[in-house]
Amino acid sequence: MTELEQYIQRITVAGVTKIIISNPGLKSAEFRKIVIEVKGESFQASKYTQKQVFHENGRTGELAEATLRLAEGYRQINGISPEEEHIILVSRKGNCSYKVKKSASGLIRASAPAQDHNRRKNYILSEGMQIPPLVDMGIFTAEGKVVSSMYDKYKQINRFIEILDDEIREAGLKKVNVIDFGCGKSYLTFVVYYYLKEVLGLDTRIMGLDLKEDVIRKCNAAAAKYGYDGLSFEVGNIDGYEAPFDVDMVITLHACDTATDFALYNAVQWKARMIFSVPCCQHELNQQLQTEHFTLMSRYGIIKERFAALATDAIRGNLLEYCGYRTQLLEFVDLSHTPKNILIRAVKRPMTPGKLKEKALGEVKAMMEEFSFTPTLYRLLDPDARG
């Protein structure tokens, strides 16, 4: 995480009601300033040219990401709360300074290192909470303190929980049934159960699915040890799996290559309200890629591999939009931790306009035609047969 990202994150968790982005680095910048108004669970960004203003809306859970994106190329960011004004200045060389002005006294104090803030952030799963899976994972001590060497993993887990939290609270559920495909050792599955059951107090049932019998056996033993009565595991294949209950949420983390496609297809068939997927090992389109007009994308092996992986997930996102889901592709963890850093978050819409579905599918077909792709999720959904 860069210095600027850390300072912006610090501002967005400080209870600010307004963020002003100003002093563009280039005279040719499209907007002379951007003002973000934060109201409850949402925000509106007003982007000012010399004669017009353009608006962009979002949810406060995405405020840090949106601010970082909008602030690119600008040299000053002011975050204003009832008590304080947070000021970030960016030099021509990209170096940042950060200070906080107390509204009451007008005093200026230099910020502590941004890394210290990470340890003070109010995480959903905070230090002092009794979370047995985190102790067994070696992330918490028996006293509920974060082990310093595991702090990055602790932040990663909280980031995933925050992404779930945004949607679950908005949905207003009292009961939730979850399928976790390719659960593996299921450390995160146990943490998700704790969050849904113990933190949110929901009537929770989670089924973890994996192909390894010894892993499933150990996971069921751990669930019994923790007293997690609503959490169980079974051996099974994602392809053709029949859920034992009506599914509200599907989770799939690092399901390899087309296994992600089968998981997404099942979620769509079950009309799951929420889908959270971190894809992995997107080999399929890399092997199919052929193009007449964009040979540059296939000439260099590493570029071809990365382009095919990104195209895979972009197509998945559009196909979920076509199937009636509001879909986002989010950064899950910093690239310094893992290159597999995209999370697909999809939430079922009450109704999807036909034009939106047609556009999403049309973009997929154009990509398929240009690069000779035939993605597994497209074949499973078979939009051509649907007409």
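Given the structure is predicted, the values throughout are model-derived calculations rather than measurements.
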Visitor: Is there a donor-acceptor contact under 3.5 Å from the side chain of Q328 to the main chain of A346?
Guide: no
Visitor: Between F160 and F276, what is the ring plane arrangement, given parallel below 30°, perpendicular above 60°, and tilted in between?
Guide: perpendicular
Visitor: Pairs under 3.5 angstrom only: tabulate donor-acceptor contacts from the side chains of residues 24-42 to other protein residues two or more places apart or in another chain.
Guide:
unit_1 : atom_1 : unit_2 : atom_2 : d
R32    : NE     : T49    : O      : 3.2
S42    : OG     : K39    : O      : 3.4

Visitor: Do I163 and V178 sit in the same hydrophobic cluster, where Ile, Leu, Val, Met, Phe, Trp and Tyr count as joined when their side-chain heavy atoms come under 4.5 Å apart?
Guide: yes
Visitor: Kindly work out whether a path of hydrophobic side-chain contacts (I/L/V/M/F/W/Y, heavy atoms less than 4.5 Å apart) joins I19 to L4.
Guide: yes
Visitor: Without swapping roles, check the side chain of T60 against the backbone of L63 for a donor-acceptor pair under 3.5 Å.
Guide: no
Visitor: Mind listing the side-chain donor-acceptor pairs of residues 220-228 below 3.5 Å, one per line with the distance, residues two or more places apart or on another chain?
Guide:
unit_1 : atom_1 : unit_2 : atom_2 : d
N220   : OD1    : F233   : N      : 2.9
N220   : ND2    : I216   : O      : 3.4
N220   : ND2    : F233   : O      : 2.9
K225   : NZ     : D136   : OD2    : 3.0
Y226   : OH     : D136   : OD2    : 2.5

Visitor: Would D210 and V235 count as a side-chain contact (heavy atoms from CB on, under 4.5 Å) here? Give the steps.
Guide: CA-CA 5 Å; D210 201 272; V235 177; over 6 Å; no
Visitor: Between L211 and V250, is there shared hydrophobic-cluster membership here, with clusters defined by ILVMFWY side-chain heavy atoms closer than 4.5 Å?
Guide: no
Visitor: Indicate yes or no for a side-chain donor-acceptor contact from T312 to the backbone of L310 under 3.5 Å, with no hydrogens or angles considered.
Guide: no
Visitor: Report yes or no: does N266 contribute a side-chain atom to a donor-acceptor pair with the main-chain N or O of I238 at less than 3.5 Å?
Guide: yes
Visitor: Is E284 reaching over with its side chain to a backbone N or O of P375, donor-acceptor style, under 3.5 angstrom?
Guide: no
Visitor: How about F262 and F181: are their ring centroids closer than 6.0 Å?
Guide: no
Visitor: For I80 and V16, what are the C-alpha separation, side-chain angles and deciding distance, and is it a side-chain contact (heavy atoms from CB on, under 4.5 Å)?
Guide: CA-CA 5 Å; I80 302 168; V16 297; 5.8 Å; no
Visitor: Could you go through the side-chain contact (heavy atoms from CB on, under 4.5 Å) check for Y123 and K155 one step at a time?
Guide: CA-CA 8 Å; Y123 289 110; K155 290 191 295 182; 3.1 Å; yes
Visitor: Distance alone, cut at 3.5 Å: any donor-acceptor contact between the side chains of E198 and Q130?
Guide: no
Visitor: Got a donor-acceptor contact below 3.5 angstrom from the E127 side chain to the V146 backbone?
Guide: yes
Visitor: Passes ring-ring contact (aromatic ring centres under 6.0 Å, His included), F371 versus F307? Steps please.
Guide: CA-CA 11 Å; F371 294 97; F307 171 70; 5.0 Å; yes
Visitor: Taking atom types as modelled and ignoring hydrogens, do the side chains of N286 and E305 form a donor-acceptor contact shorter than 3.5 angstrom?
Guide: no
Visitor: Would you indicate whether R306, at its atom CZ, is surrounded by more than 12 heavy atoms from other residues, nucleotides or ligands within a distance under 6.0 Å?
Guide: no
Visitor: Heavy-atom distance under 4.5 Å between the side chains of E370 and M367, does that happen here?
Guide: no
Visitor: Could you check whether any side-chain N or O of N177 sits under 3.5 Å from a backbone N or O of D246, counting only pairs where one atom can act as donor and the other as acceptor?
Guide: yes
Visitor: Side chain of N23, backbone of R75: donor and acceptor closer than 3.5 Å?
Guide: no
Visitor: Hey, are E3 and Y7 close enough side-chain-wise for a donor-acceptor pair under 3.5 Å?
Guide: yes
Visitor: Counting only N and O atoms by type, is there a donor-acceptor contact under 3.5 Å from the side chain of S91 to the main-chain atoms of N95?
Guide: yes
Visitor: Have a look at S277 and tell me which of L343, D261, L264 forms a side-chain contact (heavy atoms from CB on, under 4.5 Å) with it.
Guide: L264
Visitor: Take Y322 and K359 through the test side-chain contact (heavy atoms from CB on, under 4.5 Å) and record every step on the way to the result.
Guide: CA-CA 8 Å; Y322 165 71; K359 180 182 178 182; over 6 Å; no
Visitor: Using the benzene-type ring in the case of Trp, are the ring centres of F373 and Y378 under 6.0 Å apart?
Guide: no
Visitor: Of the options I315, T327, V347, which is the one that meets L320 in a side-chain contact (heavy atoms from CB on, under 4.5 Å)?
Guide: T327
Visitor: Side chains of E5 and T2: donor-acceptor distance under 3.5 Å anywhere?
Guide: yes
Visitor: Any side-chain to backbone donor/acceptor pair from T295 onto E292? Under 3.5 Å, distance only.
Guide: no
Visitor: Should D165 and Y195 count as side-chain neighbours, where that means a heavy-atom distance under 4.5 Å?
Guide: yes
Visitor: Answer whether the closest heavy-atom distance between the side chains of V192 and D180 falls below 4.5 Å.
Guide: no
Visitor: Would a 4.5 Å heavy-atom cut-off, applied to side chains only, mark I88 and S97 as touching?
Guide: no
